[in-house]
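Let me begin by presenting the structure, written as structure tokens, before commenting on it.
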There are 2 protein chains.
Amino acid sequence: MEDQFIKAAGLIGDATRAAIMWTLLDGRAFTATELSIAVNTSPQNISMHLGKLLEANLLSVEKQGRHKYYRFSNKEVAYVVEAMANLIPKPEISSKTKSENYAPVKYCRTCYDHLAGKIGVALADSLLEQKIIIEKNNTFEISPEGQKWFSGFGINIEEARKQKRIFLKPCLDWSERRYHIAGSVGTLLLNKMLEQDWIRRTTNSRAIIITGKGEKEMLKSFKIVV
Amino acid sequence: MEDQFIKAAGLIGDATRAAIMWTLLDGRAFTATELSIAVNTSPQNISMHLGKLLEANLLSVEKQGRHKYYRFSNKEVAYVVEAMANLIPKPEISSKTKSENYAPVKYCRTCYDHLAGKIGVALADSLLEQKIIIEKNNTFEISPEGQKWFSGFGINIEEARKQKRIFLKPCLDWSERRYHIAGSVGTLLLNKMLEQDWIRRTTNSRAIIITGKGEKEMLKSFKIVV
DNA sequence: ATCATAGTTAAATCTGTATTGAAGTATTAC
DNA sequence: GTAATACTTCAATACAGATTTAACTATGAT
């Protein structure tokens with residue numbers, strides 16, 4: 001068991017491969033060439049590294065014509081990379097500076113079963129600003145008006161409160177370093193959006209895409225420009 | 001940000017350092033010499049590697065006389081190592097003991113020689129709730145009724161008290177972040193459970209599996225649903 | 001005071017493996 | 001068909017950094 005652990009650590013530990021993992025963390029699938037550009041090395045070299053990661057089952061690949069799309073092969077792998085990302089000392093967030101060069105997917109991925117990524121954070125901001133939820137010493141609470149809002153959105157808050165799992169809690173996303181909404185309310189929000197086809201899950205990835213409808217509705221309900 | 005990620009990955013990625021991390025995963029603090037033995041390399045080499053891990057704040061050290069005790073510097077580090085441990089292909093689990101969120105390492109692992117992981121924490125909770133043990137300014141004590149309970153369980157508390165090692169102490173588990181029971185009482189509990197075939201050790205792993213009998217008994221004695 | 005143990009530091013060496021260069025196959029475009 | 005793109009394979013090379021050799025400091029035991 002130990003040697004397998006060491007092998008896994010070594011695989012991720014190489015600088016080029018770590019850069020690959022970092023790139024893939026946004027949930028998208030990348031082609032070998034894209035990765036070689038992102039990581040700034042030769043295609044041959046990328047090919048070799050991808051081979052090793054595939055062999056170890058850290059990545060999986062899907063062939064489409066002459067392209068090969070690589071992604072994390074399972075969520076456990078993503079967790080390792082995320083856990084590592086969390087080791088990084090947190091920078092202060094200069095909110096709008098980096099929003100330009102956002103990769104489409106770092107953009108709106110699901111953090112387990114709630115919305116994280118840029119959209120998740122923007123959503124939390126919006127709900128806070130509209131006083132639908134209120135921050136109170138590091139927890140979130142739902143205001144009386146908020147309760148109305150949620151039921152208008154088709155979410156029964158009383159129902160959510162009954163569930164055993166944590167009701168509503170701020171969840172710090174590694175990629176955004178800002179709070180978004182987890183807990184049963186987070187899940188309900190996510191599900192409602194899926195149900196209404198504002199967003200769609202992609203297969204084999206934690207990334208989520210926003211539909212045309214979602215784009216309009218998010219602007220309307222949350223003043224979020226996606 | 002990316003370069004810091006790569007640096008962190010590289011630090012854990014070296015075989016010797018990975019072995020150090022693996023060793024430290026059980027939660028104990030180790031001296032440099034102990035680590036050099038566990039990892040099978042020279043003291044000089046260990047010293048060099050520990051220096052790097054310290055420098056990067058992945059480990060912290062405490063000096064005691066001529067010994068230096070190394071441990072993970074924070075839970076984030078432990079999470080990375082645990083997440084990596086979870087990458088390792090799981091040994092097959094008998095259907096009886098399978099439970100939904102089975103993760104070999106987190107689930108029910110031994111922390112040195114007592115029960116940690118999910119079960120260990122639940123157990124401590126149960127014993128506290130039943131007032132078998134009592135928390136008193138960050139230590140655990142056994143109540144008079146508790147003493148009876150333990151002897152009913154086949155554990156002689158007076159015997160345990162005589163041992164030189166720490167009798168009973170709360171131990172913070174990395175994976176659960178809640179206290180469980182260490183000390184000689186913790187060991188006795190663990191051994192008793194093994195003896196009664198409530199749980200079984202797996203070869204080559206810290207994980208422990210719960211037997212069908214254990215499942216029933218734990219529910220009965222501790223109201224723990226496994 | 002002396003010796004053993006614990007750990008560190010510095011320079012010399014060694015080695016695994018990442019990278020590169022050259023040549024190959026497969027697919028799409030024209 | 002030919003050319004271009006996407007990716008792989010193999011042998012040759014380069015090099016970071018792990019390990020070793022050796023000499024050192026600090027603490028504890030007798």
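All values below come from the heavy atoms of this structure, side chains included, with hydrogens, waters and symmetry mates left out. Order of the sequence lines fixes the chain letters, A, B, ..., with proteins taken first and strands second; residue numbering starts at 1 for each chain.
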Checklist line | Contact summary for B/Gln147 and B/Ile142, nearest pair of heavy atoms | finding: N-CG2, 3.5 Å
Margin query: I'd like to check the ring pair (Phe, Tyr, Trp, His ring centres under 6.0 Å) partners of B/Phe150; sequence neighbours left out, ordered by chain and number.
Written below: none
Next item on the list: Go through the steps to decide whether B/Ile12 and B/Val77 satisfy the test side chain to side chain contact (heavy atoms under 4.5 Å, CB included), and finish with yes or no.
Entry: CA-CA 10 Å; B/Ile12 304 176; B/Val77 176; 5.8 Å; no
Item checked: side-chain contact (heavy atoms from CB on, under 4.5 Å) partners of B/Ala18, counting only residues at least two apart -> A/Phe5, A/Ile6, A/Ala9
Notebook entry, point to check: Listed by chain and number, what are the side-chain contact (heavy atoms from CB on, under 4.5 Å) partners of A/Gln44, not counting sequence neighbours?
Noted result: A/Ser42
Checklist line | Residues in side chain to side chain donor-acceptor pair (under 3.5 Å) contact with A/Thr31, at least two apart in sequence or another chain | finding: A/Glu34
Is there any protein nitrogen or oxygen under 3.5 Å from a nitrogen or oxygen in nucleotides 26-29 of chain C, and what are the pairs?
none

Next item on the list: Apply side-chain contact (heavy atoms from CB on, under 4.5 Å) to B/Ser60 and list each qualifying residue two or more places apart in sequence or on a separate chain.
Entry: B/Arg71, B/Ser73
Next item on the list: Quick one, give me the B/S/- string for nucleotides 15-22 of chain C, reading 5' to 3', where B means a protein heavy atom under 4.0 Å from the base and S means that only happens at the primed atoms, P, OP1 or OP2.
Entry: ---SBBBB
Notebook entry, point to check: Which residue pairs satisfy the side chain to side chain donor-acceptor pair (under 3.5 Å) criterion with at least one member in residues 8-17 of chain B, sequence neighbours excluded?
Noted result: B/Arg17-B/His49
Item checked: Bending between helix ends of the helix from C/dA1-D/dT30 to C/dC30-D/dG1 [5 pairs per end, 10° resolution] -> 20°
Checklist line | Non-neighbouring partners of A/Glu55 that pass salt bridge (Lys or Arg N to Asp or Glu O under 4.0 Å), sequence neighbours left out | finding: none
Note to self: Can you list everything that forms a side-chain contact (heavy atoms from CB on, under 4.5 Å) with A/Leu54? Sequence neighbours excluded, please.
What the structure shows: A/Leu59, A/Val61, A/Tyr70
Note to self: For the backbone of A/Pro43 and the side chain of A/Ser47, can you confirm whether one donor and one acceptor N or O come within less than 3.5 Å of each other?
What the structure shows: no
Notebook entry, point to check: Quick one: how far along DNA chain D does chain B reach, first to last nucleotide 5' to 3', anything under 4.0 Å to a heavy atom?
Noted result: D/dA18 to D/dG28
Notebook entry, point to check: Between B/Leu53 and B/Leu11, which heavy-atom pair has the shortest distance, and what is it?
Noted result: CD2-O, 4.3 Å
Notebook entry, point to check: Given atom CD1 of B/Ile46 and atom P of C/dT9, what is their separation to the nearest angstrom?
Noted result: 15 Å
